[in-house]
Amino acid sequence: MATPIISEKMKHIYDAVYNHVAMKTNGALLVNGKWGSGKTYYFKNFLFPKLENETKTQSIIVSLYGVIDKNSIANKVLFAYLDSKAGNGKLISSATIARSVQNITEAIPFLSQYADLGKLFKATGEDLFRFLPKKDLIICFDDLERMSENISADDFMGLINELVENRGYKIVIIANEKEIKNGIRYKEKTIEKTIEFKNDISNIFDSILTQYENGDFVQYMTSNKPFFLQSLDSKHSDKAKQDRLGTSFENIRTIKFAIEHFRKAFEIVNRNKDIQLDLSKRQLKGLWLFTLAIAVEFKEFDKISSDNKKHLDEPTPALSDIDFGDMIWNNGQNAVEPEPEQETDWSFRENFIKDYFERIGESYLYFGQLYNLITAGITIDEAAFLAELEEKYNIQDGVIKPSYEHLAKFMQSGYWHFTDAEFVPALTQLLTFAERGQFEDLLSYINATVYLLPFHSQLGLSKDELVERIKTGIDITMQNVSPSIAGQTQFEFATEAIEIGHLKQLRDYIKEELKAKAIQDAAEETAGLEHLFQNDLSSFVKEIFPKNLHTRSPDVLLFNQFDVNNIGAAVDQWTPASIMELASLFEVRYLGHGFAERLTAEIPFLISLKDYLENNPREDKVLSNSLIMGQLLPKLTKSIEKLEGYVPAQVDQGVTTEQTLEQNEE
C-alpha cells in the first residue's frame, strides 16, 4: 500500500500526532474541530495509514456515538482491535455474544488458544482492556460529544486517565468541544495537548473525487480545480458572512452533496455538447456555482425548499453593481447608510447573489431543473434542462448572441480589463447593439447605459442624445416584449436604486412603455377572450380557469369589458358540457376564494347575463335549459350577491381598459 500524501496545510496535525506517539506523554491528545469538517475521514484515510507505514504503531478508531457505559466502550475497543487483526471489514460486531465469538474464532482461530472468548466478552471493561497490547497501539476515540447521557464526559475522562496513566496507552480523542454538554471539566488533568482541526479545502476536494471512477467527470473536476477552489474560498468583506461560508465550505457532507448533484448536470452537458468549447465551459461553471449555493442554503441553513424559492427563480437579473459614484447615482449628494432591516425574501435573494456570485466576480443565473433536483430529488428533464441552458446564456445557433457576449465583457469580465485602445471601440459597439434593439430584455439596456453614460463625450454625444439613441433600441425590443404586472414589478425592483439623472429618465421611459404595452396587450387579449366567449365557451373557460386552485393569485378583470349586446348570440352556441364548465368557473372565480372584491366592476355584465337567461328560456334544448336553470343561474345569482356586498354604491359600467389595469395593479 502506498503511503498517503499529507498536504503542507495538514502537516502540523500529522506532526502533532506523530510526536504524541513518539514522546513520553502524560495525557491524551484532543483534536477539536467542527462537525462535518472531515476529522474522522482524514484520520482514517490519511493520517493513521501514513503513521502506520512510517512507524511500528497500529491504530484503531472507536466511535462513542450512543455508548451507555464503560463496558460498552471496552467492547467497542476490543472489537475494533480484533477487527484490525483479522483484516478491515472481516469482523462485524453482532447483536449476540455467541455470534460475536463465532465471528472472531473463524477470523482469528489462534486466539482461542489463549482465552475463553465466551467468558471474555462477559467480563468487565477492565478485563477487556487487559487483552490489548500496551505497546505500539493508538486508541482513537471519536464523537465524544455524541456519547449517551447515561455516561457523563467526566466518567469517560476518568477512563481515559486510567488508560493513559496506569496502562500506558496512547490516546487520541476527536471531538467538537463546543458541542460537549457542560464542556470537559478537569481537562488539564486528562488532556495533555489540544490541536485545532481545520481541513484543507484542496484536501477535501481531492478526497471526494477519489470516490468516483476515473472518467470525464473526474478529469473535468481535476483540470478545473483552481476554479472550484476559488468558489470554495470563503473570503468576504463581511467577517460574519465569511465565517458562515467558511463553516459550510469545510463541511465534507455538504460539498459531497453539491458535487454529486453537479455531476448529474455535467453528464447531461457532456452528452450533448463539446465541453472543450468556451460556451460549454461557461455553462458548466455557472451550473456549479448555482449548485454549490443552493446546496449550502438548503443543507446547511434550511433557508430554502422546493416550495419556498425566495424569489431566486425570478427571471430579472440584478442591476449591474458597478459604482461610477457621483457621476450617475447621487450627483454629489452624500449617501446615507441604510438602517439594518429584517430579512425578507427579496433581501435574501440579494444577499444570496452577493455572497455566492458577486463575491467572486460571477453573474447569477437560476436553473429550475437543477433546483428541483437539489431540493426535491426530482429527476432532471434533459430536454427542458438543455432548453433552459440555451435561454439563460442567450444562445442563438449554438453560440451566445453577440450583443450579450459583448455586454458580458463589461459586466462579468470587468470593464477595466479593456486596454485604452480597446475601450472606446468597445463602447461604440455596445451603443450600436443597444441602438439597434439587439437585447431581448429591457434590463440589459439599463445595464448597457450604466457603462455608456459616463463616457458619452468620448462617443461624441451629449447625455440627452445618448439616451434618445438607446430609446430607439428599446422601442424595437418592446414590440416583442410581453409585459405583465409581475414583470413590471421585477423591473422596478431591479432598478429601484436609480434615483436621479439620465439613467432614471431612461428607467422611467421603460416603465411607461411597459405600462402602455400592457394596456395594449390587455385590450388585445380581452378581444380574443370575448371572441371565444361568443363562439367557443368551453375553450374560453379553459383559458381563464385558474391553473392552480391551491395557490391562487387575484383574477384579472374581464367581463366588464365584454359587450352585453352579444350575450344572446353567445348563449345560442352553448352546449350542456360548456354550461357546466361555466358554472364551475363562476364557483371558483366569485364564490371560492378571497379575491372576489377585486371583481366588482363585472357586476353589470353578470346582471345582464342573468336577466337574459331568466327571460329567454331554451325550451327547444331540454338538457341545456335544465342545466342553466338548475346549475348555472343559482351560482350566477350568488356570485352577483357576493360582489354587491363589496360595493355600497352602484357600480359604473364605464370602466376603461387603463382603469382596469390600474385596479388590478392595486
Side-chain angles (χ1 to χ4, degrees), residues 1-7 9-10 36-50 52-53 61 83-84 87-90 92 199-233 248-296 298-299 367 369-386 389:
M1 175 182 174
T3 302
I5 299 174
I6 302 293
S7 68
K9 290 185 178 180
M10 306 298 288
S37 59
K39 303 183 296 294
T40 306
Y41 184 88
Y42 176 74
F43 271 76
K44 181 178 180 180
N45 293 282
F46 290 91
L47 193 147
F48 281 152
K50 179 176 175 63
E52 290 178 358
N53 280 345
I61 300 179
D83 202 31
S84 69
N88 289 338
K90 293 183 180 179
I92 301 174
N199 211 338
D200 176 18
I201 296 294
S202 178
N203 188 67
I204 292 176
F205 184 81
D206 292 340
S207 65
I208 292 174
L209 290 186
T210 61
Q211 300 175 28
Y212 292 93
E213 292 184 9
N214 191 29
D216 289 350
F217 178 64
V218 171
Q219 290 177 15
Y220 170 80
M221 298 292 284
T222 303
S223 62
N224 290 278
K225 182 177 177 180
F227 166 74
F228 288 101
L229 294 186
Q230 179 196 17
S231 70
L232 293 168
D233 184 347
S248 301
F249 292 163
E250 292 172 16
N251 191 317
I252 286 185
R253 295 182 185 89
T254 300
I255 304 306
K256 277 184 179 179
F257 181 82
I259 288 177
E260 175 60 13
H261 283 78
F262 172 68
R263 180 179 66 85
K264 304 298 288 186
F266 171 85
E267 289 174 346
I268 295 175
V269 174
N270 193 38
R271 276 197 301 271
N272 293 277
K273 296 175 178 288
D274 181 353
I275 63 172
Q276 299 304 320
L277 296 177
D278 289 342
L279 174 58
S280 298
K281 291 178 181 178
R282 287 178 59 180
Q283 290 175 326
L284 286 170
K285 288 181 177 180
L287 289 167
W288 163 252
L289 291 175
F290 179 78
T291 303
L292 174 65
I294 297 299
V296 170
F298 177 66
K299 290 284 287 182
F367 302 97
Q369 289 288 320
L370 196 47
Y371 185 94
N372 291 336
L373 173 69
I374 296 169
T375 61
I378 299 174
T379 302
I380 291 178
D381 181 320
E382 188 162 320
F385 175 75
L386 292 171
L389 273 183

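For the salt bridge (charged side-chain N to carboxylate O under 4.0 Å, His left out) test, residues two or more places apart in sequence or in another chain that qualify with Asp206 are Lys225.
In this structure, the side chains of Trp288 and Asn224 stay at 4.5 Å or more apart for every pair of heavy atoms. Annotation: side chain of Arg263 is in contact with side chain of Tyr212 (closest heavy-atom distance under 4.5 Å). You'll find the side chain of Asn214 reaches within 4.5 Å of the side chain of Gln219, heavy atoms only. With contacts defined as side-chain heavy-atom distances shorter than 4.5 Å, the pair Phe48/Lys44 does not qualify. Side-chain contact check for Asn270 versus Phe217: every heavy-atom pair is 4.5 Å or farther apart. Here the side chains of Lys9 and Asn203 are not in contact, with every heavy-atom distance at 4.5 Å or above. The side-chain heavy atoms of Leu389 and Lys273, taken from C-beta on, include a pair separated by under 4.5 Å. Phe257 has its side chain within reach of Ile374: a pair of non-hydrogen atoms, C-beta onward, lies under 4.5 Å apart.
In this structure, CG in Leu287 is found 14.5 Å from NZ in Lys264, a value given to the nearest 0.5 Å. Gln283 CD to Ile275 CD1: the interatomic distance, rounded to the nearest 0.5 Å, is 12.0 Å. Note: Asp233 CG to Ile201 CD1 = 8.5 Å, rounded to the nearest 0.5 Å. Here the NE2 atom belonging to His261 is positioned 8.0 Å from the CZ atom belonging to Phe298, to the nearest 0.5 angstrom. Taking NZ of Lys299 as the reference point, atom NZ of Lys256 lies at 11.5 Å (rounded to 0.5 Å). For the atom pair OG1 (Thr291) and CD1 (Ile294), the distance works out to 8.5 Å, reported to the nearest 0.5 Å.
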Margin query: Could you go through Glu213 and Val218, starting from their C-alpha distance and side-chain angles, then the distance that decides it, and tell me whether this counts as side-chain contact (heavy atoms from CB on, under 4.5 Å)?
Written below: CA-CA 7 Å; Glu213 292 184 9; Val218 171; over 6 Å; no

- Task: Would you please test Met10 and Tyr42 for side-chain contact (heavy atoms from CB on, under 4.5 Å) and show each step?
- Result: CA-CA 10 Å; Met10 306 298 288; Tyr42 176 74; 3.3 Å; yes

Inset, instruction - List the steps, then state whether side-chain contact (heavy atoms from CB on, under 4.5 Å) holds for Ile268 with Leu386. - result: CA-CA 8 Å; Ile268 295 175; Leu386 292 171; 4.0 Å; yes

Please test Ile208 against Met221 for side-chain contact (heavy atoms from CB on, under 4.5 Å), starting from the C-alpha separation and ending with a verdict. CA-CA 11 Å; Ile208 292 174; Met221 298 292 284; over 6 Å; no

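A donor-acceptor contact shorter than 3.5 Å is absent between the side chain of Gln369 and the backbone of Ile380. Asn199 places a side-chain N or O within 3.5 Å of a backbone atom of Ser37 that can act as its donor or acceptor partner. Between the side chain of Ser231 and the backbone N or O of Phe228 there is at least one donor-acceptor pair closer than 3.5 Å.
Test Ile204, Leu232, Thr254 against Phe249 for side chain to side chain contact (heavy atoms under 4.5 Å, CB included) and you get one pass: Leu232.
A tilted orientation is assigned to the rings of Phe266 and Phe262, their planes being inclined by 30° to 60°. Ring orientation note: the planes of Phe290 and Phe367 are nearly perpendicular, at an angle over 60° on the 30°/60° scale.
Contact between Lys281 and Gln276 at its shortest, heavy atoms only, is CE-O, 3.2 Å. Closest approach of Asp274 and Ser280 over heavy atoms only: O-OG, 2.9 Å.
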